[in-house]
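Here's the structure, in structure tokens; my notes come after.
Indexing begins at 1, ligand by ligand and atom by atom, following the structure's order. Quantities reported herein were computed from a predicted structural model and do not represent experimental measurements. Hydrogens, waters and symmetry mates play no part in the numbers below; they use all other heavy atoms, side chains included.
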Amino acid sequence: MKTASREVSAVSLVQEALDKAHQYQKDYHIFNFINDVEALKKAAAIDEKIKNGEPAGRLAGVPYALKDNFLSPEGGTTASAHILEEFTSPVTATSVKKLEEEGAIMIGRTNLDAFAHGSSTENSYYGPTRNSKDLERVAGGSSGGSAVAVALGIVPFATGSDTGGSIRQPASFNGVYGLKPTYGAISRYGVVAMASSTDCVGFFTQNVDDMDLLMQITAGQDANDLTTLPDFYGKETGFDDPIKKIGVIKDFDNDAVAPEIRAALARKVEELKAAGHEIVYLDMPALKYALAAYYIIVPAEVASNLSRHDGIRYGFRSEESGDLASLYKNTRNEGFMPENKRRIMIGNFVLSSGFYDAYYLKAAKARTMIVDEYRKAFEKCDFILTPVSPNPAFKLGEKVNDPVAMYLEDLMSVSLNLAGVPGLAIPVGETKEGLSLGLQLVGPRRSDQALLRFAKQIAGEGEPEEDHHIDIMGGND
Ligand code: GLN
């Protein structure tokens with residue numbers, strides 16, 4: 001990505017990004033906030049450093065977009081939820097701090113499904129973000145705004161959070177790279193908690209090298225997040241052989257998956273074979289429990305994490321607040337979106353005495369099986385290649401009133417979060433209608449850099465950034 005230098009000023013990079021942000025905002029609704037004033041001030045400060053010959057950082061003057069569930073005092077953090085509308089955070093997320101220490105400049109906060117609950121960005125209190133390829137279609141979600149900001153070239157990178165697919169699915173719906181790292185690779189401190197045992201911070205980029213740089217900058221142990229792993233990024237071993245064994249999950253190749261996605265996978269498999277890699281077909285029967293287990297474990301954690309929003313400490317408070325109980329009730333009733341409430345109810349139900357064993361405990365056991373299934377799979381192969389989602393971007397309004405249809409979007413993404421393994425969404429061309437297609441490359445825990453290196457190897461990178469779409473569907477036109 002282009003950094004500021006004596007030749008290219010940070011102010012010009014940031015101004016260009018701000019101009020594009022405003023230009024696209026009306027049609028696509030990408031941002032909840034555009035950081036016009038502060039971003040230019042910061043850019044001027046970077047230019048001053050460069051002029052004085054001081055180090056300005058590895059991301060000097062690089063404009064970026066921040067998913068609006070990352071805390072920082074700039075612009076407030078709404079998580080696209082009414083209940084956080086008036087909230088300005090006193091703290092800054094560790095990941096944001098690390099990016100800004102390297103000179104990156106936040107030019108806007110991006111739209112998401114409220115509290116990151118969803119797969120389309122339609123659950124946002126502020127209305128949906130539109131797909132970068134087709135204004136009638138969803139951006140994907142929950143990090144829809146971030147994916148579209150990178151896809152339209154407003155910024156070279158954007159942050160995301162991935163609890164069950166929220167980076168990978170919108171990346172694949174918009175033709176960009178999206179990484180969900182190993183659980184615990186990047187600190188979650190300062191990111192609005194959704195489900196603490198599966199939440200991951202990650203990024204959207206237009207190429208693999210940028211992703212690698214962002215990981216180098218942000219990965220690492222953090223005393224403010226005790227689930228962060230001891231530093232491992234870049235220290236992976238055991239992936240030196242350029243010829244890899246690539247797993248393909250048999251069960252994911254079925255009629256529920258759109259023909260163009262199956263064709264994209266088949267084409268990629270042929271390319272890999274032609275390049276000398278070995279394909280290993282995997283039976284992973286425990287993965288059939290992943291979606292059900294996810295939609296028990298995640299709501300249980302959501303119910304707990306959202307209990308802090310009571311109208312007392314943060315943001316919005318209902319006008320209809322007589323006694324304390326009605327203040328809580330009305331604030332939560334008016335402040336949460338229907339999908340938030342659904343998850344709070346499901347979560348409290350599965351944790352309630354009498355139902356705990358039947359739901360939560362059973363889901364926890366299924367999760368253990370899934371963790372074990374991935375462990376066994378990675379004894380047979382180096383990486384696994386799967387679709388990201390069963391279909392390309394769907395129409396706005398198509399699934400938003402049918403929660404089960406929306407949850408089914410996450411069929412092939414959630415098992416990674418339950419197992420804590422990394423996954424990279426890779427753009428692999430377009431459908432006949434011009435919609436983006438993506439595949440997902442999955443690795444064992446702590447293989448993140450090796451995964452990126454292999455993605456680069458098979459994507460034929462090193463080509464101009466504009467050419468990052470690999471037109472594997474070309475022959476079908
Ligand atoms: N679509 C999934 C859900 O609704 C994932 C969301 C996420 O990763 N934040 O739970």
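For atom 5 (C) of ligand 1, the closest non-hydrogen atom on the protein side is Tyr294 OH, 3.3 Å. Protein heavy atom closest to atom 6 (C) of ligand 1, with residue, atom name and distance, is Ser166 OG, 2.9 Å. Atom 1 (N) of ligand 1 has Ser119 OG, 2.8 Å as its closest protein atom, hydrogens excluded (heavy atom only).
Checked against the 6.0 Å centroid criterion, the rings of Phe204 and Tyr177 do not qualify as a close aromatic pair. Aromatic pair Tyr24/Phe31: ring centres not closer than 6.0 Å.
Every atom of ligand 1 with a heavy atom of Asp162 under 4.0 Å away is listed here by number and element: 8 (O). For ligand 1 and Gly118, the ligand atoms under 4.0 Å from any heavy atom of the residue are 1 (N), 2 (C), 3 (C), 4 (O), 6 (C). Every atom of ligand 1 with a heavy atom of Ser142 under 4.0 Å away is listed here by number and element: 9 (N). Atoms of ligand 1 found under 4.0 Å from any heavy atom of Met194 (numbered from 1 in listed order, with element): 9 (N), 10 (O). The atoms of ligand 1 that sit less than 4.0 Å from any heavy atom of Gly164 are 5 (C), 7 (C), 8 (O).
You'll find the side chain of Asp212 stays beyond 4.5 Å of the side chain of Arg453, heavy atoms only. A heavy-atom distance below 4.5 Å is not found between the side chains of Phe336 and His82.
Looking at Glu122, Glu398, Glu433 one by one, the single match for salt bridge (charged side-chain N to carboxylate O under 4.0 Å, His left out) with Arg137 turns out to be Glu433. Of the residues Arg168, Lys67, Lys180, the one that meets the salt bridge (charged side-chain N to carboxylate O under 4.0 Å, His left out) test with Asp162 is Arg168.
A heavy-atom separation below 4.0 Å is found between Tyr295 and ligand 1. Look at Val298 and you'll find every heavy atom at least 4.0 Å from all atoms of ligand 1.
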Working for side-chain contact (heavy atoms from CB on, under 4.5 Å), residues Arg343 and Tyr295: CA-CA 9 Å; Arg343 294 191 188 207; Tyr295 275 102; 3.6 Å; yes

Worked check of ring-ring contact (aromatic ring centres under 6.0 Å, His included) between His309 and Phe115: CA-CA 12 Å; His309 300 282; Phe115 286 108; 5.1 Å; yes

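Taking only nitrogen or oxygen atoms, main chain and side chain alike, Lys67 does not reach within less than 3.5 Å of ligand 1. Remark: ligand 1 and Ala116 share an N or O pair separated by less than 3.5 Å (distance only, no angle test). Ligand 1 has a nitrogen or oxygen under 3.5 angstrom from a nitrogen or oxygen of Asp410. Any N or O atom pair closer than 3.5 Å counts here, and Arg343 shares at least one such pair with ligand 1. For a threshold of 3.5 Å applied to N or O pairs, the pair formed by Gly141 and ligand 1 contains no separation below that value. Between Ser161 and ligand 1, no N or O atom pair is found at a separation short of 3.5 Å.
Ring geometry, Phe173 versus Phe394: the interplanar angle exceeds 60°, so the pair is classed perpendicular (tilted spans 30 to 60°). The aromatic rings of Phe203 and Phe157 stand perpendicular to each other, their planes meeting at an angle above 60°, with 30° marking the opposite boundary.
One N or O on the side chain of Lys20 and one on the backbone of Gly153 form a donor-acceptor pair closer than 3.5 Å.
The proximity of Glu409 to ligand 1, defined as any non-hydrogen pair under 4.0 Å, does not occur for either the backbone or the side chain.
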